[in-house]
2 protein chains.
Amino acid sequence: MADINFKDPVGGPAVATRPSAARQAGPDEPRWDIIELLFFAYRDFVGDADHVLETFGFGRAHHRVVHFVCRYPGLTVADLLDVLRITKQSLSRVLKQLLDEGYIVQKAGDSDRRQRLLFATAKGEALVEKLARLQTDRIAHALRDLGPGGGEAVGKFLRAMIDRDDPDKVLQTILQGDASVKDIAT
Amino acid sequence: MADINFKDPVGGPAVATRPSAARQAGPDEPRWDIIELLFFAYRDFVGDADHVLETFGFGRAHHRVVHFVCRYPGLTVADLLDVLRITKQSLSRVLKQLLDEGYIVQKAGDSDRRQRLLFATAKGEALVEKLARLQTDRIAHALRDLGPGGGEAVGKFLRAMIDRDDPDKVLQTILQGDASVKDIAT
DNA sequence: CCGTATATGTCAACATGGCTGACATAAATT
DNA sequence: AATTTATGTCAGCCATGTTGACATATACGG
């Protein structure tokens with residue numbers, strides 16, 4: 001197999017000169033390093049769950065749904081749509097399967113009986129925890145060799161990467177750091 | 001709209017008790033915080049590029065291809081398949097479009113003329129830089145308020161999140177921190 | 001030189017998970 | 001009573017992943 005040669009083609013067509021792979025990024029230079037690290041890190045991060053999900057006949061879409069329902073019991077369908085930013089038709093497909101197979105149950109809202117509050121069953125929670133365990137192991141390993149301030153820096157970085165305009169309810173609780181859970185309960 | 005109520009349904013069907021949203025994560029507890037922050041951070045990170053790509057009639061798949069070709073000129077098709085971990089048929093669809101529309105050019109390998117070395121054109125590089133600029137702005141903003149060691153911690157964290165078994169050539173250069181580019185050139 | 005392996009390309013079919021548009025129902029709201 | 005809202009559903013389209021089969025050109029080993 002050929003190597004990455006970092007050269008322009010000899011006598012080839014008009015091509016751009018290569019971006020520096022060895023140069024240090026100055027101020028305002030694209031952060032190629034972080035961009036690519038995010039790609040690879042996220043790929044492997046979700047890959048952990050993907051393998052397990054396959055044995056259940058589920059995909060990533062099912063994971064996201066059952067994860068957030070498990071973590072935020074009583075989430076409504078509308079809330080879930082805000083979090084996932086997909087259409088109700090897309091959600092419906094995977095949600096129906098999770099309901100049919102007993103990973104999630106619905107309950108009509110108390111104050112508004114049109115709403116369908118969603119709850120994970122024990123079965124659903126077991127799946128979520130199995131997947132979270134895999135991902136947590138990877139995270140714990142990645143945090144292990146960071147200094148004491150390293151973990152906080154990573155959390156701070158990730159929070160600052162997230163859009164602040166129009167956060168949904170789940171995102172609000174996450175960004176507020178759990179300090180005021182009751183503040184979002186009207 | 002209903003609020004996330006963090007309660008079990010009254011008299012509802014058998015559901016699991018809620019995971020703690022307000023409790024601090026102890027050792028060995030799932031890192032719900034990082035798991036969810038990664039989800040939201042990556043969603044918004046790739047969202048930046050998605051909007052621009054739409055105006056070009058391209059998707060994320062096109063971005064990944066032209067990005068890595070631009071960054072690692074002379075990448076072969078096989079190299080690219082290793083990096084993206086997709087099938088050659090999937091790659092072929094988007095690569096063909098990028099070739100047809102003049103974002104990428106091919107050149108037969110020097111030592112092995114079966115190979116198709118890939119290079120971004122000026123047009124391709126302009127697109128990649130436009131997208132990288134957006135993502136870099138987000139990254140720079142997220143790194144801004146971290147202490148001096150914060151940036152290093154983030155890089156170290158992301159590197160440690162990546163699988164080390166069987167890294168492709170691109171990943172090798174990234175993980176080696178650019179110190180020995182020529183080491184990978186046989 | 002010949003046979004086999006490799007690098008790439010292509011066709012066809014299929015799965016997942018996004019999307020839009022249209023429409024139905026029940027319950028809340030005015 | 002009329003309208004709005006929360007949810008569900010049907011039908012079809014698109015992007016992007018998959019597998020399997022097969023073609024071509026080139027490299028390589030005997």
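Quick note on labels: first sequence line is chain A, next is B, and so on, each numbered from 1. Worth knowing before you read on, the calculation uses all heavy atoms, side chains too, and leaves out hydrogens, waters and symmetry mates.
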Going by number, which of residues 57-66 of chain A have a non-hydrogen atom under 4.0 Å from DNA chain C? A:G59, A:R60, A:A61, A:H62, A:R64

Output the rounded distance in Å from CG (B:L118) to C1' (C:dA7). 12 Å

Quick one: are A:V170 and B:F40 in side-chain contact, heavy atoms under 4.5 Å? yes

Can you check the B:L53 CG to D:dC14 C1' distance for me, whole Å? 16 Å

Taken to the nearest whole Å, CD1/B:I86 to C1'/C:dT16 is 16 Å

Tell me: CD of B:E54 to P of C:dG18, nearest whole Å? 16 Å

Closest-nucleotide ordering on DNA chain C, the 5'-leading residue of A:L91 and B:S92: B:S92

Any donor-acceptor pair under 3.5 Å between the side chain of B:R93 and the base of C:dG9? no

Would you confirm whether the ring centroid of B:Y72 sits within less than 6.0 angstrom of the ring centroid of B:F119? no

Could you tell me the separation between the CG atom of B:D50 and the P atom of C:dC19, rounded to a whole number of Å? 11 Å

Any carboxylate oxygen within less than 4.0 angstrom of a Lys/Arg side-chain nitrogen, looking at B:D48 and B:R138? yes

Among pairs that include at least one residue of residues 150-169 of chain B, which meet ring-ring contact (aromatic ring centres under 6.0 Å, His included), considering only residues two or more places apart or in two chains? none

Residue mapping more 5' on DNA chain D - nearest nucleotide basis, B:R116 or A:R116: A:R116

So, are B:D50 and B:R60 salt-bridged, with charged N and O less than 4.0 Å apart? yes

Drop me the distance from B:L158's CG to B:I162's CD1, to the nearest 0.5 angstrom. 7.0 Å

Roughly, in whole Å, what's the span from CD in B:Q115 to C1' in D:dA27? 10 Å

Nucleotide-resolved protein contact map, nucleotides 20-30 of chain C, B/S/- at heavy-atom distance under 4.0 Å: BBB----BS--

Would you mind reading off the distance between A:R85 atom CZ and C:dC19 atom P, rounded to a whole angstrom? 12 Å

Within a radius of less than 6.0 Å around CZ of A:R133, do more than 12 heavy atoms belonging to other residues, nucleotides or ligands occur? yes

With respect to the phosphate group of D:dG8, does any side-chain polar atom (N or O) of A:Q106 fall under 4.0 Å of OP1 or OP2? yes

Are B:L95 and B:L99 close enough that some pair of their side-chain heavy atoms sits under 4.5 Å apart? yes

For B:L80 and C:dG9, give me the distance from atom CG to atom P, rounded to whole Å. 11 Å

Looking at A:K107 and A:D110, does any basic side-chain N land under 4.0 Å from a carboxylate oxygen? yes

